[in-house]
2 protein chains.
Amino acid sequence: MNAPTPLPLGHSKAPSATRGVADRLRQAIISMEFPPGTRLSEGEIATRYDVSRQPVREALISLSRIGLVQVLPQRGTIVTRISTRHMMQVRIAREALESAIVQRACERFDPVIRGSIDAILETQARAACEGDYMTITAADSQFHAALATGADCEMIWQMVLDVKAHMDRVRHLTLQDRDSMRILVEQHRAIVDAIDQRDPELADHAMRHHLMEILRDLPRVLAERADFFE
Amino acid sequence: MNAPTPLPLGHSKAPSATRGVADRLRQAIISMEFPPGTRLSEGEIATRYDVSRQPVREALISLSRIGLVQVLPQRGTIVTRISTRHMMQVRIAREALESAIVQRACERFDPVIRGSIDAILETQARAACEGDYMTITAADSQFHAALATGADCEMIWQMVLDVKAHMDRVRHLTLQDRDSMRILVEQHRAIVDAIDQRDPELADHAMRHHLMEILRDLPRVLAERADFFE
DNA sequence: CCTCTTGATCTACCATACAAGTCCATACTA
DNA sequence: TAGTATGGACTTGTATGGTAGATCAAGAGG
């Protein structure tokens with residue numbers, strides 16, 4: 001609270017207990033290990049992960065800000081149920097943000113990162129042929145992250161990550177066939193092509209077309225697993 | 001962690017100590033009471049606000065997610081310095097999100113909320129004539145929030161609020177004359193007009209034009225108060 | 001004069017204990 | 001039987017003590 005002290009600062013990654021619990025919980029929720037509506041208890045999670053309640057509590061605060069869990073004071077914490085109304089806003093937000101990223105990428109894009117993208121796409125293409133779901137999704141994240149980084153939009157990417165979590169959770173419910181995987185890779189290529197051509201309008205269209213597809217099967221999921229929805 | 005229990009749930013606002021500290025700290029940072037670079041200490045803030053360290057800590061976690069403070073493990077917490085690179089991304093993100101909101105507003109907009117907007121604009125217009133800065137900014141928030149709510153984009157508005165905090169902080173450094181206040185109101189009117197005409201392209205343009213102006217004076221602030229920047 | 005060590009003093013982090021609100025099954029009452 | 005207390009078993013919220021890591025200043029040794 002004193003005068004603005006420099007505080008030298010040298011970046012740290014901080015492998016703290018709180019972050020560990022937050023990451024594990026986040027992954028567990030996205031992968032449907034904890035399905036929507038699951039009751040979470042600070043104490044129970046603390047025991048399971050062998051930490052005290054405090055780190056768990058702080059992790060839950062972070063997750064509640066993203067919207068993955070709902071903390072009801074003095075009552076309990078539950079994994080947020082899926083809502084079509086909410087998912088629509090998620091889609092709109094992600095489209096808006098990632099469209100902005102690729103449009104900016106058309107203005108300037110780090111050539112080094114541009115080079116690394118080819119490798120990512122190649123990996124993904126190979127995984128698509130083999131139907132390797134894990135590799136596909138990992139490469140997908142890398143691809144979108146690389147776009148943001150190359151366009152100097154890392155802060156925006158952090159925002160995208162939050163909404164992306166919701167979409168990833170839904171995607172875990174829709175089984176992907178190889179055709180849709182190949183389409184995915186082609187859509188990625190189309191986006192990169194647009195950026196290479198420095199065509200903002202084309203890039204915008206390609207990105208929105210790509211993202212639109214992800215929630216295509218939402219109505220089917222709603223019909224099959226209504227208990228996941230609110 | 002059990003079977004998905006309903007957990008009746010009846011909404012609550014939760015006037016907790018954590019939330020109280022978070023709100024007060026947020027306001028203090030935006031209003032430059034705690035200027036960029038200020039060292040914050042959990043214990044010190046706890047004493048000042050007469051709560052224990054835990055609520056303070058949890059409040060700081062929330063603020064660090066927004067990016068208003070930086071928590072350096074085992075070293076300290078500081079109010080984030082302003083960065084032109086960061087502010088550019090903030091502007092891009094807010095433009096993208098609010099543009100998406102008004103475009104959606106052109107498709108459908110709650111008529112009741114549409115009615116309340118006129119009152120907000122009238123209040124703001126009166127405040128602009130009198131140079132009432134506080135009322136102006138309060139009405140500005142209400143206006144943008146009403147747009148989001150009317151377009152059924154409350155979740156997106158929550159995201160906007162986070163980036164808006166950074167812009168509000170900068171705006172506190174640029175003194176507003178009455179002319180720019182009047183221009184502000186006119187820009188708001190232009191946005192509403194575009195929505196009334198159901199013209200997405202016009203609405204998009206009006207909103208972006210409006211938001212662009214906010215950071216116009218950023219270079220001047222940088223020249224005058226370089227110590228606020230990193 | 002420079003380099004390294006050491007220890008005092010900060011910090012955030014974590015664990016534990018306590019407080020307060022909610023829910024629910026049970027028992028009591030009209 | 002229906003309605004209403006009541007107490008216990010949950011929950012999250014808050015307070016506090018202790019720990020490990022980071023910083024920095026003073027001093028020893030080269």
Side-chain angles (χ1 to χ4, degrees), chain A residues 1-25 34 37-65 67-80, chain B residues 1-25 29 34 37-80:
Chain A
M1 218 99 63
N2 317 342
T5 313
L7 201 61
L9 107 81
H11 266 275
S12 57
K13 23 199 146 190
S16 67
T18 297
R19 176 163 297 274
V21 173
D23 289 344
R24 294 179 69 175
L25 270 180
F34 295 154
T38 304
R39 280 198 67 182
L40 304 175
S41 152
E42 293 179 357
E44 213 168 331
I45 300 172
T47 307
R48 171 189 282 238
Y49 291 164
D50 195 44
V51 293
S52 87
R53 263 186 57 211
Q54 217 54 46
V56 174
R57 178 175 171 74
E58 293 172 4
L60 287 177
I61 290 177
S62 290
L63 293 180
S64 75
R65 273 202 65 86
L68 287 181
V69 303
Q70 287 174 300
V71 178
L72 309 173
Q74 324 289 8
R75 303 178 62 194
T77 304
I78 63 172
V79 177
T80 307
Chain B
M1 216 98 70
N2 317 342
T5 315
L7 200 61
L9 108 83
H11 268 275
S12 57
K13 23 200 144 187
S16 67
T18 298
R19 176 162 296 274
V21 173
D23 289 344
R24 293 180 69 175
L25 270 181
I29 293 173
F34 294 154
T38 304
R39 281 196 66 184
L40 303 176
S41 153
E42 293 180 356
E44 214 168 330
I45 299 172
T47 308
R48 172 189 279 239
Y49 290 164
D50 195 43
V51 293
S52 86
R53 294 193 333 259
Q54 211 54 44
V56 174
R57 177 174 170 73
E58 293 175 2
L60 287 176
I61 290 177
S62 290
L63 293 179
S64 77
R65 272 202 65 87
I66 303 177
L68 287 181
V69 303
Q70 286 175 302
V71 178
L72 310 172
Q74 322 292 5
R75 301 177 64 195
T77 303
I78 63 172
V79 177
T80 307

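Because only heavy atoms are used, hydrogens play no part in the values below, and waters and symmetry mates are left out as well, while side chains stay in. Everything quoted here is computed from the prediction, not taken from an experiment. All chains are named by letter (A, B, ...) in the order of the sequence lines, taking the proteins before the strands, and each is independently numbered beginning at 1.
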In Å, rounded to the nearest 0.5 Å, how long is the span from CG of A:Leu68 to CD1 of A:Ile78? 12.5 Å

Could you state the interatomic distance from OG1 (B:Thr77) to CG (B:Leu72), rounded to the nearest 0.5 Å? 7.0 Å

At 10 degrees resolution, what angle do the end axes of the helix from C:dC1-D:dG30 to C:dA30-D:dT1 form when each is taken over five base pairs? 0°

With 3.5 Å as the limit, what N/O pairs link the protein to nucleotides 14-16 of chain D?
unit_1: D:dT14; atom_1: OP1; unit_2: B:Ala17; atom_2: N; d: 2.5
unit_1: D:dT14; atom_1: OP2; unit_2: B:Thr18; atom_2: OG1; d: 3.0
unit_1: D:dA15; atom_1: OP2; unit_2: B:Ser52; atom_2: N; d: 2.7
unit_1: D:dA15; atom_1: OP2; unit_2: B:Ser52; atom_2: OG; d: 3.0
unit_1: D:dT16; atom_1: O4; unit_2: B:Gln54; atom_2: OE1; d: 3.1

Rounded off to whole Å, could you give me the CG-to-P distance for the A:Leu60 and D:dT12 pair? 8 Å

B:Ile61 side chain reached by B:Val71 side chain, heavy atoms, under 4.5 Å: no

Short heteroatom pairs, N/O only, protein and nucleotides 20-22 of chain C, under 3.5 Å:
unit_1: C:dT22; atom_1: O3'; unit_2: A:Arg75; atom_2: NE; d: 3.3

Distance col, row B:Arg53:CZ vs B:Ser41:OG, nearest 0.5 angstrom, shows 9.0 Å

Which whole-number value in Å describes the distance from B:Glu44 CD to C:dA12 C1'? 14 Å

Do B:Phe34 and B:Leu40 have side-chain heavy atoms sitting under 4.5 Å apart? yes

Should B:Arg39 and B:Glu44 count as side-chain neighbours, where that means a heavy-atom distance under 4.5 Å? no

I need the minimum non-hydrogen distance between A:Val21 and A:Ala59, along with the two atoms involved. CG1-CB, 3.8 Å

To the nearest 0.5 Å, tell me how far A:Asp50 CG sits from A:Arg48 CZ. 13.0 Å

Can you tell me how far P of D:dG13 sits from CD1 of A:Ile61, to the nearest Å? 7 Å

Are the side chain of B:Thr80 and the backbone N or O of B:Gly67 linked by a donor-acceptor pair below 3.5 Å? yes

In whole angstroms, the gap separating P of C:dC13 from CG of B:Leu40 amounts to 13 Å

In whole Å, I'd like the distance from the CD1 atom of A:Ile45 to the C1' atom of D:dT12. 12 Å

Starting from P on C:dA15, measure out to OH on A:Tyr49 and report it in whole angstrom. 15 Å

Establish, with yes or no, whether the OP1 or OP2 oxygen of D:dT11 is under 4.0 angstrom from a side-chain nitrogen or oxygen of A:Thr77. no

First locate atom CD of B:Glu58, then atom CD of B:Glu42, and finally report the distance between them rounded to the nearest 0.5 Å. 10.0 Å

From A:Ile45 CD1 over to A:Arg24 CZ, what is the distance, rounded to the nearest 0.5 angstrom? 11.0 Å

B:Glu42 CD - C:dC10 P separation (whole Å): 16 Å

